[in-house]
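One structure is given below, encoded as structure tokens.
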Amino acid sequence: MTGPVRDVAIVGGGLAGITAALALQGAGLRATVYEARPRLGGATHSFQRDGLTVDNGQHIFLKCCTAYQGLLGRLGAHDLVRVQDRFDVRVRTPDGGGGRLRRAKAPGPLHLLPALAGYSLLPPSDRLRAVRASLALDRLDTADPELDKTSMGGWLAGHGQRERARLALWELFVTAALNIRLDEAALGPAAFVCKTALLGRSDAADIGVPAVPLGELHGTIAAKEIQEGGGSVRLGAKVTAIEDGPKLLVDGSPVSADAVVVAVPHRVASGLVPEEASPDRAKWAGLGSSPIVNVHVVYDRPVLDEPFVAAIDSPAQWIFDRTRIGGPASGQYLAVSVSAADRWIDTPTAEIRDVFLAELARLLPAARKARVTDFFVTRERHATFRQGPGSGALRPASATRLPWLFLAGAWTDTGWPDTMEGAVRSGLSAARLARRHLSGAGGAKGASTANGVTGR
């Protein structure tokens, strides 16, 4: 591109918006991020509480999340995360039992067969059935739209997975990945997760966790990188309208741009995107939302000697040790992540405290003698869209009918579920299309671009 630097307005400062801004700046464009809240990071942020640095929720990534790891590289933050050298999950039960799923050093999908064969929380007959179902799942074409019409739970039941196997194995991963119960999850995205992470490349499911607060990783560092690259970050700046021009109304004042990327949740985007850009925008409401609740507990002594464990037969699904990241000077800080948390999203904190402290005492024997020094709950009512049957057909492409307007966000048609990886991929797609449009425009606003391009 030659001539003056072109300006792209990005509405939303979550992972999709941050990624789009950095990708556009890397192509010689100037990005301005407008974020209504006083921080970047979107659904991945931190706050301070009585000496603790608290992430609003525990977020992880897998080695197969290549786009997210690319963002970490762009931020110079690879050393600010910890990644397993081999997929390894210990699973606890309230009765004192436990199991372990650890991949072998073999090519996929053979790398998980020994783990399934030795998974002590299932009887041998169910382990064999799980292997057979895994091989059948690996043969599915996850791009087939027919898979969006049925549930993962129903498919598993039809492939010999009895209730115990669905709860102790499949639910453990599908609910955490899709934020929806197994019987309510669409087969397409659930199969995608299993094929890509568990049945794909042997190291694909190795788990990565941030080693610093999300507010630093996706907030402070990201803002600095955008600004040092010539872009701008405007916090507390609410965009209330988008008009032809292109033009945005920001805090009541008009702002011009050469292209616009809308990188906000679908329930917000439907009120911002002009009807002529997406005539079916009203359908986005059908994506709904699914909540996540995180239970935060500080003990006066260590009660968990692993970085994280999973749990079954318990409302405490995944338990993480967050002491080194943002914990107290003494004791141990645990975060319990509860996906598909419809049961808990409106439950009073006092009731959650009674239930979860009892559950932690059952799951972690050392917690029975420890004293709780702090307890609180964070709730994300709209953590993800509800990834049930039919939801895939409602996800829009990044391109719209207005050549200068693009959509981003994990809810768009990224080919991935609603995850950090999906959000980053959506930002890359929107940036690629905006760059293509501005390059083809040659200085003239309003030049056309191909519709219906997802950029995957």
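Only this structure's heavy atoms are used, side chains among them; waters, hydrogens and symmetry mates stay out.
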Task: Set of residues satisfying ring pair (Phe, Tyr, Trp, His ring centres under 6.0 Å) with respect to Trp170, sequence neighbours excluded - done: none
Open item on the list: Please find the pair of heavy atoms, one from Ser429 and one from Ser398, that lie closest to each other, and give the distance.
Closed with: C-OG, 4.1 Å
Task: Heavy-atom pair of closest approach, residues Thr400 and Ser278 - done: CG2-OG, 3.9 Å
Salt bridge (Lys or Arg N to Asp or Glu O under 4.0 Å) contacts touching [range] (sequence neighbours left out):
| range | result |
| --- | --- |
| residues 274-296 | none |
| residues 384-400 | Glu184-Arg386, Asp342-Arg386 |
| residues 72-89 | Arg74-Glu225, Asp88-Arg100, Asp88-Arg102 |

For residues [X] and [Y], determine if any side-chain heavy atom of one lies less than 4.5 Å from a side-chain heavy atom of the other.
| X | Y | value |
| --- | --- | --- |
| Met152 | Thr175 | no |
| Asp418 | Ser290 | no |
| Asp374 | Arg49 | yes |
| Leu62 | Ile207 | yes |
| Thr349 | Phe376 | no |
| Thr419 | Phe61 | no |
| Leu169 | Leu101 | yes |
| Val193 | Val174 | no |

Distance check, rounded to the nearest 0.5 Å: [X] atom [atom1] versus [Y] atom [atom2]?
| X | Y | atom1 | atom2 | answer |
| --- | --- | --- | --- | --- |
| Phe385 | Leu178 | CZ | CG | 8.5 Å |
| Leu407 | Ser426 | CG | OG | 9.5 Å |
| Thr142 | Asp148 | OG1 | CG | 11.5 Å |
| Arg181 | Ser151 | CZ | OG | 14.5 Å |
| Trp284 | Trp411 | CH2 | CH2 | 4.0 Å |
| Ile242 | Leu272 | CD1 | CG | 5.0 Å |

- [ ] Begin with the C-alpha distance, continue with both residues' side-chain angles, and end with the deciding distance and a verdict on side chain to side chain contact (heavy atoms under 4.5 Å, CB included) for Ile221 and Leu80.
- [x] CA-CA 11 Å; Ile221 295 174; Leu80 300 180; 3.5 Å; yes
Distance-only, no hydrogens or angles: does the [X] side chain make a donor-acceptor pair with backbone N or O of [Y] under 3.5 Å?
| X | Y | answer |
| --- | --- | --- |
| Thr412 | Ala408 | no |
| Gln69 | Lys63 | yes |
| Asp413 | Pro396 | no |
| Arg379 | Ile345 | yes |
| Asp258 | Asp7 | yes |
| Thr347 | Arg343 | yes |
| Glu421 | Trp416 | no |
| Asn56 | Glu380 | no |

- [ ] Kindly write out the residues that satisfy side chain to side chain donor-acceptor pair (under 3.5 Å) with Asp141, not counting sequence neighbours, or none if the list is empty.
- [x] none
Task: Which residues share a side chain to side chain donor-acceptor pair (under 3.5 Å) with Thr378, sequence neighbours left out - done: His296
TODO: For side chain to side chain contact (heavy atoms under 4.5 Å, CB included), just list the numbers for Leu187 and Leu140, CA-CA rounded to whole Å, side-chain angles, deciding distance to a tenth of an Å, and then say yes or no.
DONE: CA-CA 10 Å; Leu187 175 57; Leu140 292 178; 4.2 Å; yes
Task: Basic-acidic side-chain contact under 4.0 Å: Glu35, Arg39 - done: no
TODO: State plainly whether the residues Asp346 and Arg381 are in salt-bridge range, i.e. N to O under 4.0 Å.
DONE: yes
Open item on the list: Taking side-chain hydrogen bond (donor to acceptor under 3.5 Å, both in side chains) as the cut-off, I'd like each qualifying pair that reaches into residues 234-249, sequence neighbours left out, listed once.
Closed with: Asp244-Trp404
TODO: For Ala21, enumerate each residue passing the side chain to side chain contact (heavy atoms under 4.5 Å, CB included) test, keeping only those at least two apart in sequence or located in another chain.
DONE: Ile10, Ala31, Val33, Ile226
Task: For Arg166, side chain to side chain contact (heavy atoms under 4.5 Å, CB included) partners two or more places apart - done: Leu156, Ala157, Gln161, Glu163, Leu182, Asp183
With no hydrogens and no angle check, just 3.5 Å: does a side-chain donor-acceptor pair link [X] and [Y]?
| X | Y | value |
| --- | --- | --- |
| Ser232 | Gln227 | no |
| Gln387 | Ser391 | no |
| Thr384 | Asn179 | yes |

- [ ] Quick one: sort the His437 and Phe406 rings into parallel, tilted or perpendicular, breaks at 30° and 60°.
- [x] tilted
Donor-acceptor contacts, no H, no angles, side chain residues 306-332, under 3.5 Å, sequence neighbours left out:
unit_1, atom_1, unit_2, atom_2, d
Glu306, OE1, Arg92, NH2, 2.9
Glu306, OE2, Arg90, NE, 3.0
Asp313, OD1, Arg164, NH1, 2.8
Asp313, OD2, Arg164, NH1, 3.2
Asp313, OD2, Arg164, NH2, 3.0
Ser314, OG, Ala316, N, 3.1
Ser314, OG, Glu359, OE1, 2.8
Gln317, OE1, Ser339, N, 2.8
Gln317, NE2, Ser339, O, 3.1
Asp321, OD1, Thr323, N, 3.0
Asp321, OD1, Thr323, OG1, 2.6
Asp321, OD2, Gln332, NE2, 3.1
Arg322, NH1, Asp55, OD2, 3.4
Arg322, NH1, Gln58, OE1, 3.0
Arg322, NH2, Asp55, OD2, 2.9
Thr323, OG1, Tyr333, N, 2.9
Gln332, OE1, Val303, N, 2.6
Gln332, OE1, Leu304, N, 2.9
Gln332, NE2, Leu304, O, 2.8

Quick one: side chains of residues 211-219, donor-acceptor pairs under 3.5 Å with protein atoms, not counting sequence neighbours, listed by atom name and distance.
unit_1, atom_1, unit_2, atom_2, d
His218, ND1, Thr44, OG1, 2.8
His218, NE2, Tyr68, OH, 2.8

For a quick test of your reading: what N or O donor-acceptor pairs under 3.5 Å do the side chains of residues 198-205 make, sequence neighbours left out?
unit_1, atom_1, unit_2, atom_2, d
Arg201, NE, Asp203, OD1, 2.4
Arg201, NH2, Asp203, OD1, 3.2

Task: Candidates Thr414, Leu72, Leu71 - the one meeting side-chain contact (heavy atoms from CB on, under 4.5 Å) with Val424 - done: Leu71
